[in-house]
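So the structure is just underneath, and the comments pick up after that.
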Amino acid sequence: MPELPEVETVRRVIEPQIKGRKIVSIEIGNQQVIGYPDAKAFCTSVCGQTVAGMSRRGKFLCIFFEKNDRMVLHLRMTGCLLVTPPDYEKAKHTHAVFDLDDGSQLRYIDPRRFGRLWFLKWGEEDTITGIHRLGPEPFDAGLTGEYLQIRFSTRKKTIKECLLDQSLLAGIGNIYADEILFASGIFPGRTAKSLTAQECGRLADHIPRILTDFIEKNDISAEDYLSARGMEYRNAPYLQVYGRQKEPCPICGRPLEKMVLAGRSSVFCPSCQKKEPQL
């Protein structure tokens with residue numbers, strides 16, 4: 001599932017290939033993936049637009065056009081973007097194809113069809129995509145231990161659940177929440193309000209560090225990205241705990257354990273991430 005580092009990788013790979021390119025025609029294979037407006041109006045609005053650039057906000061991608069309109073995308077669980085030659089084999093679950101003026105194509109592929117594409121005109125308020133409900137970016141200067149302690153102070157949910165709450169902090173998913181908590185020495189089942197000032201400070205330090213580290217580890221060329229059909233990320237060998245239950249802890253050697261919190265798996269070290277506060 002794409003999380004912030006993977007979505008940022010998509011932006012870095014795709015933006016140089018489509019910036020300055022004009023969208024000359026669009027084929028929508030499945031109208032379900034168009035979130036707003038309807039598919040016909042979406043195609044009419046996007047066709048003829050020239051791409052000015054891309055940005056990322058949390059797990060959302062935004063393609064800006066020279067007319068100041070924008071297209072917002074969320075890849076959800078299985079979505080991906082590819083820039084391909086026109087004769088490149090089309091994947092089974094290709095739901096949108098944007099023909100560009102240099103002959104290449106921007107394709108949106110999503111086996112589970114949970115992802116969405118939205119078009120917003122210049123000046124149109126975004127109350128549709130969900131971006132307006134996002135908390136700060138993990139790299140914002142305002143992400144401090146004090147900010148986290150204030151936001152967590154009344155939260156009865158576990159710290160793992162709070163890290164996944166996009167209204168508190170944008171972009172963190174299950175994978176990196178496990179990695180961040182392990183690096184911070186915090187048990188995922190602790191209630192958020194039980195965290196000390198020191199623990200919130202450690203979280204504020206580790207959140208941007210770990211996400212930046214995995215963005216760098218995901219670095220991939222456009223050629224390799226296309227060869228892997230946009231579905232290969234290079235972070236797996238570097239994960240310390242996620243998906244490694246029963247393996248030895250990389251710090252103390254004790255077997256890692258797994259628990260389920262609000263329906264999501266959490267892997268942790270029972271020795272390095274104790275249930276009581278660690279000063």
Side-chain angles (χ1 to χ4, degrees), residues 1-17 19 53-63 73-76 79-81 131 134-149 151-152 159-186 188 192 195 197-222 224-225 228 230-244 249-251 264 266-269 272-273:
M1 180 185 299
E3 298 184 20
L4 187 154
E6 290 74 41
V7 176
E8 178 62 19
T9 296
V10 173
R11 186 197 68 79
R12 293 185 181 193
V13 170
I14 298 297
E15 182 179 29
Q17 299 181 81
K19 188 173 182 179
M54 287 182 71
S55 68
R56 177 199 54 76
R57 177 76 169 96
K59 301 177 190 179
F60 289 83
L61 287 168
C62 187
I63 296 177
L73 305 90
H74 199 302
L75 303 175
R76 299 286 165 82
C80 75
L81 285 177
I131 288 180
L134 294 179
E137 287 285 306
F139 312 109
D140 286 354
L143 178 64
T144 62
E146 182 181 9
Y147 166 82
L148 292 177
Q149 190 172 31
R151 297 306 302 270
F152 293 158
I159 182 58
K160 173 67 179 284
E161 292 173 87
C162 286
L163 287 181
L164 300 180
D165 185 341
Q166 301 298 293
S167 69
L168 292 177
L169 197 61
I172 299 175
N174 206 40
I175 296 172
Y176 299 108
D178 277 3
E179 297 296 304
I180 289 164
L181 290 170
F182 175 71
S184 303
I186 298 171
L195 266 62
Q198 292 92 331
E199 289 172 323
C200 288
R202 292 205 299 270
L203 276 176
D205 289 339
H206 287 299
I207 286 169
R209 180 188 66 79
I210 286 176
L211 293 175
T212 297
D213 192 33
F214 278 99
I215 288 172
E216 294 173 355
K217 286 178 169 57
N218 271 338
D219 186 47
I220 188 171
S221 69
D224 288 346
Y225 178 87
M231 299 303 292
E232 179 183 308
Y233 301 109
R234 302 183 171 187
N235 57 14
Y238 304 101
L239 295 171
Q240 298 292 291
V241 293
Y242 178 82
R244 299 187 182 278
C249 170
I251 293 177
R264 307 294 296 275
S266 294
V267 180
F268 64 98
C269 174
C272 299
Q273 296 167 266

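One-based numbering along the sequence shown.
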Query raised in the report: Side-chain donor-acceptor pair under 3.5 Å between Glu8 and Asn218, yes or no?
Result: no

Query raised in the report: Which heavy atom in Cys249 sits nearest to a heavy atom in Cys272, and how many Å separate them?
Result: SG-SG, 3.8 Å

Requested in this report: For the pair Lys59 and Glu3, find out whether any cationic side-chain nitrogen is under 4.0 Å from an anionic carboxylate oxygen.
Outcome: no

Query raised in the report: Say you draw a straight line from CD1 of Ile63 to NZ of Lys19; how long is it, rounded to the nearest 0.5 Å?
Result: 13.0 Å

Query - Check against side chain to side chain contact (heavy atoms under 4.5 Å, CB included), Ile207 and Tyr176 - result: CA-CA 9 Å; Ile207 286 169; Tyr176 299 108; over 6 Å; no

Query raised in the report: Does a salt bridge link Arg209 with Asp205, judged by any charged N lying under 4.0 Å from a carboxylate O?
Result: no

Report task. Check the pair Val267 / Phe182 against side chain to side chain contact (heavy atoms under 4.5 Å, CB included), numbers first and verdict last. Result -> CA-CA 9 Å; Val267 180; Phe182 175 71; over 6 Å; no

**Report entry** Side-chain touch Glu216/Thr212, heavy atoms, less than 4.5 angstrom
**Finding:** yes

Report summary line: For Ile215 and Thr9 the tightest heavy-atom approach is O-OG1, 4.5 Å

Query raised in the report: Heavy atoms, side chains only, cut-off 4.5 Å: are Leu195 and Leu148 in contact?
Result: no

Query - Closest heavy-atom pair and its distance - Leu143, Ala204 - result: O-CB, 4.0 Å

Query raised in the report: Just wondering, do Pro188 and Gln273 contact through their side chains at under 4.5 Å, heavy atoms?
Result: yes

Query raised in the report: About how many Å separate CG of Leu81 and CG of Leu75, when rounded to the nearest 0.5 Å?
Result: 5.5 Å

Requested in this report: Flag the pair Glu6 / Asn235 as yes when at least one side-chain heavy-atom distance between them is below 4.5 Å, and no otherwise.
Outcome: yes

Query raised in the report: Ignoring hydrogens and geometry, is there a side-chain-to-backbone donor-acceptor pair from Asp224 to Ser221 under 3.5 Å?
Result: no

Requested in this report: Apply side chain to side chain contact (heavy atoms under 4.5 Å, CB included) to Thr144 and Gln149, showing your working.
Outcome: CA-CA 9 Å; Thr144 62; Gln149 190 172 31; over 6 Å; no

Report task. Decide if atom OH of Tyr238 counts as having more than 12 heavy atoms of other residues, nucleotides or ligands within a radius under 6.0 Å. Result -> no

Query - Any donor-acceptor pair under 3.5 Å from Arg244 side chain to Leu239 backbone - result: yes

Query - Shortest non-hydrogen contact from Arg56 toward Phe139 - result: NH2-CE1, 3.9 Å

Report task. Return yes if some donor-acceptor pair links the side-chain N/O of Gln17 with the main-chain N/O of Val13 below 3.5 Å, else return no. Result -> yes

Query - Stepwise side chain to side chain contact (heavy atoms under 4.5 Å, CB included) test for Ile14 and Leu61 - result: CA-CA 11 Å; Ile14 298 297; Leu61 287 168; over 6 Å; no

Requested in this report: Starting at CD of Glu137, measure out to CG of Leu4 and round the result to the nearest 0.5 Å.
Outcome: 6.0 Å

Report task. Measure the CD1-CD1 distance between Ile159 and Ile186 for me, rounded to the nearest 0.5 Å. Result -> 6.5 Å

Report summary line: Output for pair (Arg151 CZ, Asp165 CG), nearest 0.5 Å, gives 8.0 Å

Report task. Answer yes or no: is there a donor N or O on one side and an acceptor on the other, between the side chain of Glu179 and the main chain of Gln240, under 3.5 Å? Result -> yes

**Report entry** Closest non-hydrogen atom pair between Ala192 and Cys162, with its separation
**Finding:** CB-SG, 3.6 Å

Query raised in the report: Side-chain contact, heavy-atom cut-off 4.5 Å: Leu169 with Pro136?
Result: yes

**Report entry** Test item: Asp178 side-chain N/O and Tyr242 main-chain N/O as donor-acceptor pair under 3.5 Å
**Finding:** no

Query - Rounded distance [0.5 Å steps], CZ in Arg11 versus OG in Ser55 - result: 8.0 Å

Query raised in the report: Does the Gln166 side chain pair with the main chain of Ile172, one donor and one acceptor, at a distance under 3.5 Å?
Result: yes

Report summary line: Nearest heavy-atom approach of Ser184 to Arg202 is O-NE, 2.9 Å

